[in-house]
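Quick one: the structure is below, questions incoming.
Start at 1 and go down the list; that is how both ligands and their atoms are numbered.
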Amino acid sequence: MIRENIFEVRKRIISACLKAGRAPETLKLIAVSKNRSPEEIKEALLAGITAFGENRVQEALLKYNAKELALSAKPIEWHMVGHLQTNKVKDAVKIFDLIQSVDSLRLAQEINKEALKINKVQEILLEVKISPEATKFGLSPEETPAVIREASGFKNLKIKGLMAVAPILKSPEETRPYFRLLKDLRGRLDSKMILSMGMTDDFAVAIEEGSDMLRIGRAIFES
Ligand SMILES: *Cc1c(COP(=O)(O)O)cnc(C)c1O
């Protein structure tokens, strides 16, 4: 069932790309595996998914070390997509390839400090709050430029782009202005930054609005 879901999601990604005149290879798909078992992750892995998103460090650690996933031919890429508390940063830098949910300068500082200790340059995205209804967390668009200026001096941190969650609305079309807001912000900051936007209910619109990275959970793991 997970395999069929992934096939279906890929088809929908390709048709959204065709509509938007984009090449599907330019989009990265992250399967959001929070609350899913190692067995479910393994099914997705066997269907060709290589990157997984988690929202809790403890849960991610269990999966990172799960014996069911240890024999995977390809190395699994782990992404943190949930709010990260500073006391969990030490473990987070050990396991995550990309921390997508950096929502304060203080957190960026802490990540830089712990990454230095293990001699790693931690890649991150800054989470921007594009809608007050969608999440409690995230930098305001107004404060984002200053945080980037400060954090770009951190030697063990690399800011790769911006992440955002759109509000849940009656139709996906209504999320378009929110995605556009993130894209416009990127345009004013650094056109090389990637945009992580688009989830189960709104990824087609996110693709049309220039998303580089989709974070999809339910469409992959639910029947
Ligand atoms: C849960 C979650 C997702 C995936 O959401 P779905 O609607 O299940 O696709 C994506 N991003 C974040 C930050 C999440 O917490």
Side-chain angles (χ1 to χ4, degrees), residues 1-13 16 27-37 40-41 43-44 47 49-60 62-63 76-85 88 92 95-104 107 111 123-141 144 160-176 178-179 181-183 194-223:
M1 184 198 79
I2 289 172
R3 173 179 288 277
E4 285 78 8
N5 287 349
I6 291 168
F7 185 74
E8 208 47 50
V9 165
R10 290 205 187 283
K11 268 207 323 218
R12 287 169 60 198
I13 292 172
L27 263 148
K28 178 143 180 160
L29 172 59
I30 314 299
V32 178
S33 49
K34 62 188 184 202
N35 307 319
R36 313 292 172 182
S37 66
E40 290 173 290
I41 293 174
E43 267 192 71
I49 299 283
T50 56
F52 294 89
E54 290 286 332
N55 70 342
R56 295 195 351 250
V57 176
Q58 279 326 100
E59 186 181 331
L62 288 175
K63 294 172 188 174
I76 300 177
E77 221 180 271
W78 294 100
H79 291 224
M80 175 62 173
V81 301
H83 179 63
L84 180 58
Q85 290 168 292
K88 301 279 165 56
I95 63 175
F96 290 114
D97 297 284
L98 182 65
I99 300 176
Q100 298 206 9
S101 44
V102 178
D103 55 7
S104 70
L107 180 59
I111 292 170
E123 297 192 338
I124 67 156
L125 303 181
L126 293 174
E127 180 173 358
V128 181
K129 190 170 173 161
I130 50 174
S131 137
E133 315 92 74
T135 75
K136 296 204 285 291
F137 303 107
L139 299 163
S140 70
T144 303
K160 301 289 285 182
L162 307 174
M163 183 271 261
V165 178
I168 296 161
L169 298 164
K170 281 193 289 299
S171 87
E173 186 54 38
E174 292 174 57
T175 59
R176 194 179 296 279
Y178 297 92
F179 294 139
L181 196 153
L182 194 71
K183 184 169 66 175
I194 65 160
L195 298 178
S196 171
M197 56 188 200
M199 302 167 37
T200 291
D201 292 328
D202 53 28
F203 70 82
V205 178
I207 290 171
E208 290 172 28
E209 292 305 321
S211 175
D212 301 293
M213 192 175 268
L214 307 172
R215 309 178 312 271
I216 300 182
R218 286 169 300 138
I220 289 176
F221 291 105
E222 278 177 16
S223 49

Pairs where residues 197-210 contributes a residue and the test salt bridge (charged side-chain N to carboxylate O under 4.0 Å, His left out) is met, not counting sequence neighbours: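 Sorted result for residues 197-210: K19-E208, R176-E208, R176-E209, R180-E209, K183-E209, D201-R218.
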
Applying side chain to side chain donor-acceptor pair (under 3.5 Å) between S196 and each of K160, E127, Q100, report the one that passes.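 Answer after filtering K160, E127, Q100: Q100.
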
Please list, chain by chain and in numerical order, all residues satisfying side-chain contact (heavy atoms from CB on, under 4.5 Å) with A60, sequence neighbours excluded.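 A60: side-chain contact (heavy atoms from CB on, under 4.5 Å) contacts with E54, I95, F96.
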
Please walk me through it: do N35 and E59 pass side chain to side chain contact (heavy atoms under 4.5 Å, CB included)? CA-CA 8 Å; N35 307 319; E59 186 181 331; 4.0 Å; yes

Can you work out which protein residues put a heavy atom within less than 4.0 Å of ligand 1?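 Lining ligand 1 at under 4.0 Å, by heavy atoms, one finds V32, K34, V81, V165, M199, T200, R215, I216, G217, R218.
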
Only counting residues at least two apart or in another chain, list the ones meeting side chain to side chain donor-acceptor pair (under 3.5 Å) with K28.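 So K28 forms a side chain to side chain donor-acceptor pair (under 3.5 Å) with E77.
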
With under 30° as parallel and over 60° as perpendicular, where do the rings of F137 and H83 fit, or are they tilted in between?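 The rings of F137 and H83 lie parallel, inter-plane angle below 30°.
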
